[in-house]
Participant: 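Encoded as structure tokens, here's the structure I'll be asking about.
Predicted model only: the values in this text are computed from it and were never measured. The basis for the numbers below is simple: all heavy atoms, side chains too, and nothing from hydrogens, waters or symmetry mates.
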Amino acid sequence: MVITINGRPGSGKSTVARRLAEHLGVPRLYVGDLRRTMARERGMTLAEFNTLGETDPTTDKIPDDQMVAFAQANPDEVIATRTGLHLIPDSLKIFLDVSEEEAARRIFSTLQRDPVSRNEGKGLHTEAAVLASVKERIRND
């Protein structure tokens, strides 16, 4: 069974997906990592990459196509995604919600521990800056 974990920024999609995949002993795909990698390859932050996506549909199409291919190749898996809800219609869908303030707190905490792999954006040195970034990501989506 394919399980898609959808949700708002900072809602815990990757954490829940990782733990669930480990518990079930199945592969996991984190689409956020695919997007962050694509951003890094272009010398961009995730925020800049998301803005590019407003005019360049490949920023969504490439990771979405990889996600669908992964789902087709693995009959049992967990996918942390924001779009799997729509692109993998036969999956078991889980949606995680979080307030913007809690999302900012969680993302800020993660950035303090590991700013490089998140590649979130520039100038995110306070929770207030991260909150503004979270609001922009939601608007951008």
Side-chain angles (χ1 to χ4, degrees), residues 1-89 91-141:
M1 168 187 304
V2 177
I3 301 171
T4 53
I5 311 287
N6 304 279
R8 294 167 58 98
S11 62
K13 294 178 299 295
S14 61
T15 300
V16 170
R18 178 179 41 80
R19 289 180 180 171
L20 184 58
E22 288 171 358
H23 177 76
L24 297 173
V26 299
R28 172 185 65 100
L29 177 68
Y30 177 36
V31 177
D33 277 347
L34 298 176
R35 293 182 55 74
R36 284 178 172 83
T37 297
M38 288 177 65
R40 269 190 222 93
E41 288 170 352
R42 293 177 184 210
M44 304 172 94
T45 66
L46 183 61
E48 292 166 334
F49 190 70
N50 288 341
T51 299
L52 175 64
E54 293 178 8
T55 57
D56 180 357
T58 64
T59 64
D60 291 321
K61 182 159 179 32
I62 292 170
D64 286 349
D65 288 350
Q66 290 175 342
M67 174 184 57
V68 170
F70 185 80
Q72 291 170 343
N74 298 286
D76 296 312
E77 68 202 33
V78 177
I79 303 174
T81 172
R82 303 264 289 282
T83 56
L85 171 73
H86 305 288
L87 298 176
I88 307 173
S91 67
L92 171 67
K93 296 160 184 58
I94 299 171
F95 184 85
L96 304 177
D97 199 5
V98 67
S99 71
E100 292 171 346
E101 293 76 17
E102 178 62 17
R105 187 193 66 74
R106 290 175 181 185
I107 293 169
F108 182 72
S109 176
T110 300
L111 286 171
Q112 298 304 297
R113 291 188 314 270
D114 186 13
V116 175
S117 69
R118 282 288 303 198
N119 191 32
E120 204 72 24
K122 296 178 181 169
L124 301 178
H125 306 297
T126 66
E127 275 190 43
V130 174
L131 177 58
S133 174
V134 165
K135 289 180 179 186
E136 176 61 19
R137 279 178 68 185
I138 291 168
R139 185 210 61 79
N140 182 281
D141 286 348

Participant: Would Val130 and Leu111 count as a side-chain contact (heavy atoms from CB on, under 4.5 Å) if you check the C-alpha gap in whole Å, the side-chain angles of each, and the deciding distance to 0.1 Å?
Facilitator: CA-CA 10 Å; Val130 174; Leu111 286 171; 4.0 Å; yes

Participant: For a quick test of reading the model, state the closest non-hydrogen atom pair linking Glu127 to Ala104 and the distance between them.
Facilitator: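 Closest approach of Glu127 to Ala104, heavy atoms only: O-CB, 3.9 Å.
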
Participant: Working to the nearest 0.5 Å, report the span between CD of Glu136 and OG1 of Thr51.
Facilitator: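 Result: 6.0 Å between the selected atoms.
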
Participant: Can you tell me how far the CE atom of Met1 sits from the CG atom of Asn74, to the nearest 0.5 Å?
Facilitator: 15.0 Å

Participant: Check whether any side-chain heavy atom of Ile3 lies under 4.5 Å from a side-chain heavy atom of Val26, and answer yes or no.
Facilitator: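 Ile3 does not reach Val26 side chain to side chain.
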
Participant: Is there side-chain contact between Leu52 and Arg42, with at least one heavy-atom pair below 4.5 Å?
Facilitator: yes

Participant: For Glu101 and Leu131, work out which heavy atoms get closest and say how close.
Facilitator: N-CD1, 4.0 Å

Participant: Looking only at heavy atoms, which two atoms of Gly84 and Asn6 are closest? And how far apart?
Facilitator: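 Of all heavy-atom pairs spanning Gly84 and Asn6, the closest is N-OD1, 3.7 Å.
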
Participant: Where the side chain of Arg28 meets the backbone of Ala17, is there a donor-acceptor pair that is under 3.5 Å apart?
Facilitator: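 Between the backbone of Ala17 and the side chain of Arg28 there is no qualifying donor-acceptor contact (under 3.5 Å).
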
Participant: For the backbone of Ala129 and the side chain of Ser133, can you confirm whether one donor and one acceptor N or O come within less than 3.5 Å of each other?
Facilitator: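 Here the side-chain-to-backbone pair does not exist.
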
Participant: Can you name the closest pair of heavy atoms from Ile79 and Ala71 and give their distance?
Facilitator: CD1-CB, 4.1 Å

Participant: With heavy-atom distances below 4.5 Å as the criterion, would you say the side chains of Leu85 and Thr4 are in contact?
Facilitator: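 They are not in side-chain contact.
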
Participant: Does a side-chain N-to-carboxylate-O contact under 4.0 Å join Arg8 and Glu100?
Facilitator: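 A salt bridge links Arg8 with Glu100.
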
Participant: Could you report the tightest heavy-atom contact between Asp56 and Thr59, atom names first, then the distance?
Facilitator: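 That closest heavy-atom pairing would be O-OG1, 3.0 Å.
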
Participant: Is there side-chain contact between Thr15 and Arg18, with heavy atoms separated by less than 4.5 Å?
Facilitator: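 Yes. Closest side-chain heavy atoms under 4.5 Å.
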
Participant: Arg113 and Ser109: side-chain donor and acceptor closer than 3.5 Å?
Facilitator: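 Short answer, yes.
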
Participant: With Tyr30 as reference, evaluate Lys13, Arg35, Arg36 under the side chain to side chain donor-acceptor pair (under 3.5 Å) test and give the passing residue.
Facilitator: Arg36

Participant: Is there side-chain contact between Phe70 and Gln66, with at least one heavy-atom pair below 4.5 Å?
Facilitator: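 Counting from C-beta outward, Phe70 and Gln66 never come under 4.5 Å.
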
Participant: Answer yes when Glu102 and Arg105 have at least one side-chain N-carboxylate O distance shorter than 4.0 Å, and no when they do not.
Facilitator: yes

Participant: Please name the pair of heavy atoms, one in Thr45 and one in Ala39, separated by the smallest distance, quoted to 0.1 Å.
Facilitator: O-CB, 3.7 Å

Participant: Can you find a heavy atom in the side chain of Val134 that is under 4.5 Å from one in the side chain of Ile107?
Facilitator: yes

Participant: Can you find a heavy atom in the side chain of Leu29 that is under 4.5 Å from one in the side chain of Glu77?
Facilitator: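 No, too far: nothing below the 4.5 Å cut-off.
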
Participant: Do side-chain atoms of Thr81 reach the backbone of Thr83 as a donor and acceptor pair under 3.5 angstrom?
Facilitator: yes

